Enquirer: 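Please read through the structure below; I'll follow up with questions.
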Amino acid sequence: MNLPDLCVARDRTKKEISYMDLDQKYEPLFKGKKYFLRTYGCQMNVHDSEEITFYLEALGYTKTDTLEEADIIVLNTCAIRENAKDKVFGYLGRCKHLKQQKPDLIICLCGCLTQQPSEVETLKEKHSYVDIIIGTHNLNELPELIVKKSKKQNIQVYSNSDKVFENIKYKRDSKICAWINITYGCDKFCTYCIVPYTRGRERSRKMENILEEVKELKKEGYQEVTLLGQNVNAYGKDLDLGYDFATLLEEVAKTGIPRIRFVTSHPWNFTDEMIDVISKYDNVMPYVHLPIQSGSDEILKKMNRKYTIAEYKELFNKIKEKVKNVAITTDIIVGFPNETDKDFQDTLDIVKYCEFDNAFTFIYSPRVGTVAALMKDEIPMSVKEERLKKLNELVNSYSLKSNKKLLGKTVEVLVTEVSEKDNNKVCGYTDTMKLVNITGSKDLIGKIVPVKITDAKSFSLDGIVE
Ligand code: 5AD
Ligand code: SF4
């Protein structure tokens with residue numbers, strides 16, 4: 001069966017999307033004051049933090065990496081798994097302590113956690129020292145909330161929104177690689193996932209605005225853009241304007257920006273046209289992140305993933321066949337409610353079949369409000385942990401195998417920064433998103449250079465500039 005055919009049969013409810021331009025000016029009322037911003041979670045949050053940074057700096061704040069120095073602390077939270085939430089609440093304890101010594105300190109929480117009504121209730125009751133609670137749909141209101149902040153807790157969370165903001169301003173972390181939101185939210189409702197509740201329904205930006213942003217970034221000298229969406233390849237379905245993700249990807253490729261990638265794709269929306277565009281344009285990176293989640297058809301059904309293993313394999317093989325030297329990475333969850341030994345074995349088997357270049361692996365974490373959270377689960381945590389360990393060993397062996405294939409070869413690397421481990425080295429990524437540590441000078445940063453691979457480990461490569 002051809003996966004994309006399934007999409008045609010899908011019944012979609014059309015909805016009106018309102019587009020809002022953001023052209024507000026901000027007064028630098030907080031000159032001399034400092035902000036501390038901490039980001040948890042996925043690339044979407046990382047990019048949202050670039051928007052938050054813009055607002056804070058427009059208000060006059062300057063950045064500090066020392067919590068104690070801050071006049072405002074912003075925690076951009078994640079709710080995808082329980083441990084992400086625990087980290088935020090752990091950090092809040094430190095903030096509370098600081099606030100006792102410094103009553104004027106503003107503490108602000110935003111991100112996915114604050115989109116969950118039960119968490120907002122907990123914050124209101126048990127963490128009344130938090131000054132501002134804002135959601136994922138209305139970040140643009142943050143400057144106003146900061147200015148208006150009174151002694152009372154200031155809560156501004158929208159449970160859902162049909163709005164798409166264009167012309168959002170960002171203070172980007174990098175001058176080399178840029179994130180570009182192309183679609184917001186998710187309509188897939190995988191039964192374990194909180195995202196459709198915290199990020200709302202799928203809403204696409206208009207193609208002309210995205211292309212404008214890419215062209216602007218190219219002019220500024222950016223080498224790479226990552227098209228972002230919780231379900232990036234569902235792009236355009238809500239617009240009904242006659243274009244889809246493949247059309248957009250091709251138009252972005254035509255701008256001539258040196259490197260383009262996109263995350264995260266759902267197998268259900270992966271079309272033949274997308275594969276054609278990836279293989280046709282040299283500047284579309286041969287890198288596909290294609291979450292499989294489980295190797296068992298039974299579990300996939302319970303997860304509401306909308307594909308079978310046979311369909312995933314067919315798509316996987318098509319991509320491998322048509323896109324030269326492609327790297328395919330994935331996400332896998334172990335310990336979904338009542339996952340049997342056989343289900344888990346099926347997951348190990350699909351990993352052996354696909355030999356993924358890399359995989360992000362997780363133990364299932366029940367999220368309040370999702371369908372799976374109501375499912376009975378008899379599997380002890382010790383079994384889940386054992387499965388994760390076994391899976392990681394297998395996944396790492398294939399990462400090493402795929403890295404070793406590059407030994408002695410010369411590959412193009414976009415150099416992004418000084419190496420964390422060794423200040424005399426720089427590091428960057430191949431067009432298949434493999435991390436390479438390079439013996440070379442800082443002058444290479446921002447350039448795409450040919451690098452000969454001299455050593456290969458599970459998580460990184462070593463190389464020298466050719
Ligand atoms: N428990 C564990 N992992 C999860 N993911 C999403 N929700 C959960 C959950 N409740 C994983 C999926 C997804 C990735 C971003 O996080 O594998 O692809
Ligand atoms: Fe979550 Fe599934 Fe949507 Fe991905 S596709 S964001 S896992 S609901």
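On a predicted model such as this, the values are computed, not experimentally measured, just so you know. Position 1 is the first residue of the sequence; numbering continues from there. Counting starts at 1 for both ligands and their atoms, in listed order.
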Enquirer: Could you tell me, atom by atom, which parts of ligand 1 come under 4.0 Å of a heavy atom of Tyr364?
Expert: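 Per the distance check, 1 (N), 2 (C).
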Enquirer: Indicate whether the side chain of Thr361 and that of Asn392 have a donor and an acceptor atom separated by less than 3.5 Å.
Expert: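 On atom types as modelled, these side chains qualify, holding a pair under 3.5 Å.
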Enquirer: If you count the atoms of ligand 2 from 1 in the order shown, which ones are under 4.0 Å from a heavy atom of Tyr192?
Expert: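 Ligand 2 atoms under the 4.0 Å threshold to Tyr192: 7 (S).
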Enquirer: Could you find the nearest protein heavy atom to atom 3 (Fe) of ligand 2 and give me its residue, atom name and distance?
Expert: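 The closest heavy atom on the protein side is Cys186 SG, 2.3 Å.
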Enquirer: Just jot down the ligand 2 atoms closer than 4.0 angstrom to any heavy atom of Phe189, in number order.
Expert: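 In order of number, 8 (S).
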Enquirer: Which atoms from ligand 2 have a heavy atom of Gln230 less than 4.0 Å away?
Expert: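 In order of numbering, the contacting atoms are 6 (S).
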Enquirer: Please tell me whether Phe165 and Tyr19 form a close aromatic pair, meaning their ring centres lie under 6.0 Å apart.
Expert: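 Here the rings of Tyr19 and Phe165 have centres that are no less than 6.0 Å from each other.
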Enquirer: Is it true that Lys280 and Glu250 make a salt bridge, defined as a side-chain N closer than 4.0 Å to a carboxylate O?
Expert: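 Yes, charged N to carboxylate O under 4.0 Å.
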Enquirer: Assess Cys190: does it contribute an N, O or S atom lying under 2.8 Å from atom 3 (Fe) of ligand 2?
Expert: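 No - counting backbone and side chain alike, Cys190 has no N, O or S atom under 2.8 Å.
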Enquirer: Is there a donor in the side chain of Ser204 and an acceptor in the side chain of Tyr184, or the other way round, less than 3.5 Å apart?
Expert: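 Looking only at side-chain atoms, Tyr184 and Ser204 do not form any donor-acceptor pair under 3.5 Å.
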Enquirer: Could you identify the single nearest non-hydrogen protein atom to atom 17 (O) of ligand 1 and state the distance to 0.1 Å?
Expert: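 Minimum-distance protein heavy atom for atom 17 (O) of ligand 1 reads Gln293 OE1, 2.7 Å.
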Enquirer: Applying a heavy-atom cut-off of 4.0 Å, say which part of Phe362 lies close to ligand 1: side chain, backbone, both or neither.
Expert: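 Just the side chain.
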Enquirer: What residue and heavy atom of the protein are closest to atom 1 (Fe) of ligand 2, and at what distance?
Expert: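 Result: Cys193 SG, 2.3 Å.
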Enquirer: If the cut-off is 4.0 Å to any non-hydrogen atom of Arg367, which atoms of ligand 1 fall inside it?
Expert: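 Counting atoms of ligand 1 from 1, those under 4.0 Å from Arg367 are 10 (N).
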Enquirer: Taking atom types as modelled, find out whether Arg172 and Tyr170 have a side-chain donor-acceptor pair closer than 3.5 angstrom.
Expert: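 Absent: no donor and acceptor within the cut-off.
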Enquirer: Pick, from Ile80, Asp331, Ile332, the option with the minimum heavy-atom distance to atom 14 (C) of ligand 1.
Expert: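 Looking at heavy atoms only, Asp331 sits closest to atom 14 (C) of ligand 1.
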Enquirer: For ligand 2, which atoms have a heavy atom of Pro196 less than 4.0 angstrom away?
Expert: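 Within the 4.0 Å cut-off of Pro196, ligand 2 contributes 8 (S).
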Enquirer: Could you list the atoms of ligand 1 found under 4.0 angstrom from a heavy atom of Ile333?
Expert: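 Contacts of ligand 1 toward Ile333, numbered from 1: 3 (N), 4 (C), 5 (N), 12 (C), 17 (O).
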Enquirer: Could you identify the single nearest non-hydrogen protein atom to atom 7 (N) of ligand 1 and state the distance to 0.1 Å?
Expert: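 Checking every protein heavy atom, the shortest distance to atom 7 (N) of ligand 1 gives Tyr192 CD1, 3.3 Å.
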Enquirer: Is Glu208 atom CD crowded by more than 12 heavy atoms from other residues, nucleotides or ligands, each under 6.0 Å away?
Expert: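 Yes - once you tally the heavy atoms of other residues, nucleotides and ligands closer than 6.0 Å, there are more than 12.
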Enquirer: Can you find a side-chain donor-acceptor pair between Tyr353 and Asn317 that sits under 3.5 Å?
Expert: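 The criterion, which ignores hydrogens and geometry beyond distance, is satisfied for Asn317 and Tyr353.
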Enquirer: Please tell me whether Thr340 and Asp343 have a donor and an acceptor in their side chains that are separated by less than 3.5 angstrom.
Expert: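 Their side chains do contain a donor-acceptor pair, which is all the 3.5 Å distance test asks for.
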Enquirer: For the residue pair Thr432 and Thr430, confirm or rule out a side-chain donor-acceptor distance under 3.5 Å.
Expert: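 Thr432 vs Thr430: donor-acceptor pair found between side chains.
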Enquirer: Examine the proximity of ligand 1 to Ile363 and report which part, side chain or backbone, both or neither, has a heavy atom under 4.0 Å away.
Expert: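 Backbone only.
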Enquirer: Run through Leu142, Leu37, Leu75 and flag the one making a side chain to side chain contact (heavy atoms under 4.5 Å, CB included) with Cys108.
Expert: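 Of all the options given, the one that passes is Leu142.
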Enquirer: When you check the gap from the basic side-chain N to the acidic O, do Lys401 and Glu355 get nearer than 4.0 Å?
Expert: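 Salt bridge: yes.
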Enquirer: Identify, by atom number and element, the atoms of ligand 2 in contact range of Arg305, meaning under 4.0 Å from any of its heavy atoms.
Expert: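 Near Arg305, meaning under 4.0 Å from one of its heavy atoms, ligand 2 has 2 (Fe), 5 (S), 7 (S).
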Enquirer: Enumerate the atoms of ligand 1 whose separation from the nearest heavy atom of Ser365 is less than 4.0 angstrom.
Expert: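 Listed by number with element, the hits are 1 (N), 2 (C), 9 (C), 10 (N).
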Enquirer: Against heavy atoms of Asn231, which atoms of ligand 2 measure under 4.0 Å?
Expert: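 Per the distance check, 3 (Fe), 5 (S).
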Enquirer: Would you mind running through ligand 2 and noting each atom that sits below 4.0 Å from a heavy atom of His266?
Expert: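 Answer for ligand 2: 5 (S).
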Enquirer: Among all protein heavy atoms, pick out the one at the shortest distance from atom 16 (O) of ligand 1; state its residue, atom name and that distance to 0.1 Å.
Expert: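 Looking only at protein heavy atoms, the one closest to atom 16 (O) of ligand 1 is Arg81 NH1, 2.9 Å.
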Enquirer: Looking at ligand 2, does Arg199 have a heavy atom less than 4.0 Å from it?
Expert: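 Contact check Arg199 vs ligand 2: negative.
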Enquirer: Considering only heavy atoms of Val195, which atoms of ligand 2 have at least one such atom less than 4.0 Å away?
Expert: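 Close to Val195: 6 (S).
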Enquirer: Please verify the inter-ring angle class for Phe262 with Phe270; under 30° counts as parallel, over 60° as perpendicular, anything in between as tilted.
Expert: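 It falls in the tilted class, 30° to 60°.
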Enquirer: With salt bridge (Lys or Arg N to Asp or Glu O under 4.0 Å) as the test, pick out the partner of Glu213 among Arg205, Lys218, Lys206.
Expert: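 Between Glu213 and the candidates, salt bridge (Lys or Arg N to Asp or Glu O under 4.0 Å) is satisfied uniquely by Arg205.
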